[in-house]
Engineer: 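Before I ask anything, let me first share the structure, which is written out below as structure tokens.
Just so we're clear, the structure is a prediction, and the values are computed from it rather than from any experiment. Position 1 is the first residue of the sequence; numbering continues from there.
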Amino acid sequence: MHHHMWLRLLVLSLGILAMMKLFYSSGKGPGKRNQNMEIVNSNHFWKIGFGSDHNSLDPPGGAQEAKENQGHQLIDHQEEGLNLEDEGIDFIKAQEKKEIEALEEEEEEEEEEIEIIRAPEDTHKGPLRVVHLDLKGAAPKVKYLKQIFPLLSSLGADGILLEYEDMFPYEGELKILRSPFAYSVEDIEEIKTMANLSNLELIPLVQVFGHLEFVLKHEKFDHLREVAAFPTSLNPTAPGALELIKKMLMQVLKRHPRARWFHIGADEVYGLGESEDSKHWMEKNGGDVGALYLMHLSAICSAVTEVRPGIKLLFWEDMLRKFSVSTIQNSGLPKLAYPMIWNYSPKVDVNGVGNLIGKYQEAGFTGVWFASAFKGASGIAQRWTPINMHLQNHIGWLKVIDSMTKFPSIKYLGIALTGWQRFEHFTVLCELLPVGIPSLAVCLQTLKYGSFNEEAENAVHQILGCKIQMDANNCDGSGAFAGSEVYHTVRKINSELQASIQNIKANHFVQGSLSTYHRKYNFANPRNIAFCINALKKLLEDWESVLEAFRTEMEAIFYPDTVEEWMEENVNEHLTELHAMVQGAEHLNSLKGRPKSLKES
């Protein structure tokens, strides 16, 4: 803190100097000026320079003009004195502002400093089965997580892979990254406690390379983009890039001092190698984009293990697929982290995955994770989860797991069942978490029993309170799981809302007398309208009743931005159309069959 003392002394000295200039220039204070001394216009003084003859300062118009100008010069100098006073005050204020900013920066730096703690030993026996909760969209309220953590444990989960994105309560300089509905520090503590009570290993996930839209969308950090036009990937060679990622990681690690595992993302680093910085780096390093990628990732891993010795790091391995074994070996990454191989297809290429496992074994990795999907991987705007598709994906992964005996030097450590909520920060929502729970139950029980056999099916029925109907792609019955009300209403909306409107539009009288043209020009026979208006009103009333209850159910689980987005994307367009039809029918009925309007209504 000594530099702050010197900074304060400097500000004080500069302030005193400014005030002394003010006193002398305005004729005040102990060194009062001679009244007969000629007053010099400051602008003219700086134009002629310090070494000029003072006698030459008289204006060219002679003594009389000099006397006339003297009064103006006095006023100018008095104004200059006032300006000096203002400038002195502004200068002091600016220096004080700089000092405050310096103090705030130091406080932020102090926030990033965390105690070096050795990660606890991993006491879990056998591979882990962890459920991925993607918080970059439709993040559940903490009270809902409290309800589903015991459910996940009962279904066979050993842990939670929590992808924070903008839901983490970043502080200081990073506070800008927070969603308006980000969890608080107290929320994080409660989540950890709840996970522990349900015997769930909590694994934080923080992206450090690709999928950094939630960071690089901010003007404050957009200079760190790999491609200036896109907020997708980090420029690893840009000054400040590594420091930013370290700050993010340190804040999350600080809130998770007992974490045994930590996921650093690092998938789909689109555009890597396209920035001028990256091109220059590659020119000096053999032109290998793989080396560039691994340089950044290894630096990140080293930074984490310095403060958390013994922690086990995970990363998505898709970028490694195109790098040579020697490039991976030379990076030192195999000694720092474990790759997580992901494949969400219903037809997993077992041989293809085996080739990747063999490659990573040769590169020196001692362990590998897999990643399946229970929702969010079947379509960018998927609303209803295709259960059978995800079941087939897990059956494929079971075959891969069975093949691990072929790779004696690399160990299968666990599988993450991903539940993507968005494909990326800027895209629409995929299926809501409650909608994906039956699929998750099927997938977890399939991993537990080795197939979705009768025993697994009965367990799902008993735990969820509804019976899986694979052909119909739903869980039939009332359902006793948390969020089942949302599940059933989304099912109704998905299968009936748009269909019910299309059906009534196909009605003989609606089709013949309530077209867009009829409503536009106020032209219809009220007798025809009378045959359909009540059915239209009834349909609207029924849906309004359903959606009012649905909004209440949604608000109990999700934050307002999620409710608004989901309704806008899936409901409002159809309900607006139904409203317009009812209003049009009422208006046409009230006209009592008049001639066609010459103007649009």
Side-chain angles (χ1 to χ4, degrees), residues 109 112-114 116-119 161-165 168 170 173-174 177 203-216 221 224-226 232-257 259-273 275 277-278 281-282 285 288-320 323 327-340 342 360 363-369:
E109 288 173 4
E112 315 305 336
E113 294 178 6
I114 63 173
I116 297 176
I117 303 172
R118 182 159 191 86
L161 179 61
L162 200 60
E163 183 164 358
Y164 276 118
E165 233 238 15
F168 185 80
Y170 288 106
E173 180 191 13
L174 302 182
L177 305 183
I203 304 175
L205 191 161
V206 179
Q207 287 284 6
V208 300
F209 214 162
H211 286 297
L212 277 175
E213 294 91 351
F214 80 103
V215 177
L216 300 177
F221 300 117
L224 299 177
R225 297 177 178 187
E226 177 70 352
T232 306
S233 302
L234 185 76
N235 176 352
T237 60
L242 183 59
E243 290 72 16
L244 169 64
I245 298 302
K246 284 182 180 179
K247 285 181 180 179
M248 292 169 59
L249 291 171
M250 293 308 116
Q251 290 198 17
V252 177
L253 284 165
K254 183 178 179 180
R255 300 296 172 200
H256 294 276
R260 291 185 279 239
W261 293 88
F262 198 99
H263 201 304
I264 56 173
D267 59 315
E268 299 179 329
V269 188
Y270 299 128
L272 182 61
S275 71
D277 291 331
S278 295
W281 188 95
M282 288 191 294
N285 293 272
D288 190 349
V289 72
L292 175 62
Y293 173 88
L294 293 163
M295 174 273 296
H296 179 68
L297 211 61
S298 296
I300 291 298
C301 293
S302 296
V304 173
T305 53
E306 280 178 12
V307 297
R308 289 290 183 270
I311 199 167
K312 296 178 180 180
L313 297 174
L314 299 168
F315 66 98
W316 308 115
E317 53 64 62
D318 53 280
M319 294 296 290
L320 262 60
F323 304 154
T327 299
I328 298 171
Q329 286 173 331
N330 294 336
S331 71
L333 186 64
K335 296 180 180 179
L336 297 170
Y338 301 99
M340 184 177 277
W342 56 271
Y360 300 148
F365 289 103
T366 58
V368 66
W369 276 66

Engineer: To check you understand the geometry: which heavy-atom pair defines the closest contact between L216 and F221, and what is its length?
Structural biologist: CD2-O, 3.5 Å
Engineer: Between P309 and I116, is any pair of side-chain heavy atoms under 4.5 Å apart?
Structural biologist: yes
Engineer: So, for A259 and P204, which heavy atoms are closest and what is the spacing to 0.1 Å?
Structural biologist: CB-CD, 4.4 Å
Engineer: If the condition is side chain to side chain contact (heavy atoms under 4.5 Å, CB included), which residues does V206 pass it with, not counting sequence neighbours?
Structural biologist: Y170, M248, L249, V252, F262
Engineer: List the steps and the verdict of side-chain contact (heavy atoms from CB on, under 4.5 Å) for L313 and Y338.
Structural biologist: CA-CA 6 Å; L313 297 174; Y338 301 99; over 6 Å; no
Engineer: Looking only at heavy atoms, which two atoms of F323 and G290 are closest? And how far apart?
Structural biologist: CE2-CA, 3.3 Å
Engineer: Could you state the interatomic distance from CD1 (I114) to CZ (R255), rounded to the nearest 0.5 Å?
Structural biologist: 10.5 Å
Engineer: At what distance, to the nearest 0.5 angstrom, does OG of S233 lie from OH of Y293?
Structural biologist: 10.5 Å
Engineer: What closest approach, in Å, do G367 and P339 show between heavy atoms, and which atom pair accounts for it?
Structural biologist: O-CD, 3.5 Å
Engineer: Working note: K247 + E173, criterion side-chain contact (heavy atoms from CB on, under 4.5 Å); need CA distance, chi angles, decisive distance, verdict.
Structural biologist: CA-CA 9 Å; K247 285 181 180 179; E173 180 191 13; 2.6 Å; yes
Engineer: Taking the side chain as every heavy atom from C-beta outward, state whether T232 and H211 have any atom pair closer than 4.5 Å.
Structural biologist: no
Engineer: Considering all heavy atoms of both residues, which atom of A303 and which atom of K246 are nearest to each other, and what is their separation?
Structural biologist: CB-CE, 3.7 Å
Engineer: Within a strict 4.5 Å, meaning less than it, do heavy atoms of the H263 and W316 side chains meet?
Structural biologist: yes
Engineer: Only counting residues at least two apart or in another chain, list the ones meeting side chain to side chain contact (heavy atoms under 4.5 Å, CB included) with A241.
Structural biologist: L224, L234, A238
Engineer: Are F209 and L272 close enough that some pair of their side-chain heavy atoms sits under 4.5 Å apart?
Structural biologist: yes
Engineer: Should I328 and L320 be marked as a side-chain contact (heavy atoms from CB on, under 4.5 Å) after you check the CA-CA gap, both sets of side-chain angles, and the distance that decides it?
Structural biologist: CA-CA 8 Å; I328 298 171; L320 262 60; 4.0 Å; yes
Engineer: Please examine the side chains of K335 and F365, heavy atoms only from C-beta on, and report whether any two atoms are closer than 4.5 Å.
Structural biologist: no
Engineer: Can you check whether G273's main-chain N or O pairs, donor with acceptor, with E226's side chain at less than 3.5 Å?
Structural biologist: yes
Engineer: To the nearest 0.5 Å, how far apart are CE in M282 and CE in M295?
Structural biologist: 10.5 Å
Engineer: May I ask you to test the L253-R308 pair for a side-chain heavy-atom distance under 4.5 Å?
Structural biologist: yes
Engineer: Say whether, by atom type as modelled, one donor and one acceptor occur between the side chain of Q329 and the main chain of G364 under 3.5 angstrom.
Structural biologist: no
Engineer: Roughly how far, to the nearest 0.5 Å, is the CZ atom of F168 from the CG atom of L177?
Structural biologist: 11.0 Å
Engineer: Please give me the minimum heavy-atom distance between R118 and G310, naming the atom from each residue.
Structural biologist: NH1-N, 3.9 Å
Engineer: Would you say the ring centroid of W369 lies under 6.0 angstrom from that of W342?
Structural biologist: no
Engineer: Quick one: does D267's side chain have a donor or acceptor within less than 3.5 Å of a partner on M319's backbone?
Structural biologist: no
Engineer: Can you tell which of V208, I245, L244 makes a side chain to side chain contact (heavy atoms under 4.5 Å, CB included) with V215?
Structural biologist: L244
Engineer: Report the distance from atom CG of D288 to atom OG1 of T327, rounding to the nearest 0.5 Å.
Structural biologist: 4.0 Å
Engineer: Nearest 0.5 Å please: distance from the CZ atom of F214 over to the CG atom of L212.
Structural biologist: 6.0 Å
Engineer: Quick check against the 3.5 Å criterion: does T305 have a side-chain atom that pairs as donor or acceptor with the backbone of S302?
Structural biologist: yes
Engineer: Please evaluate residues I117 and V307 with respect to the criterion side-chain contact (heavy atoms from CB on, under 4.5 Å), reporting the C-alpha separation (whole Å), side-chain torsions for both, the decisive distance (0.1 Å), and the verdict.
Structural biologist: CA-CA 6 Å; I117 303 172; V307 297; over 6 Å; no
Engineer: Quick one: does S298's side chain get under 4.5 Å of L336's, heavy atoms only?
Structural biologist: yes
Engineer: Could you tell me whether the side chain of L205 reaches within less than 4.5 Å of the side chain of I264, counting heavy atoms only?
Structural biologist: no
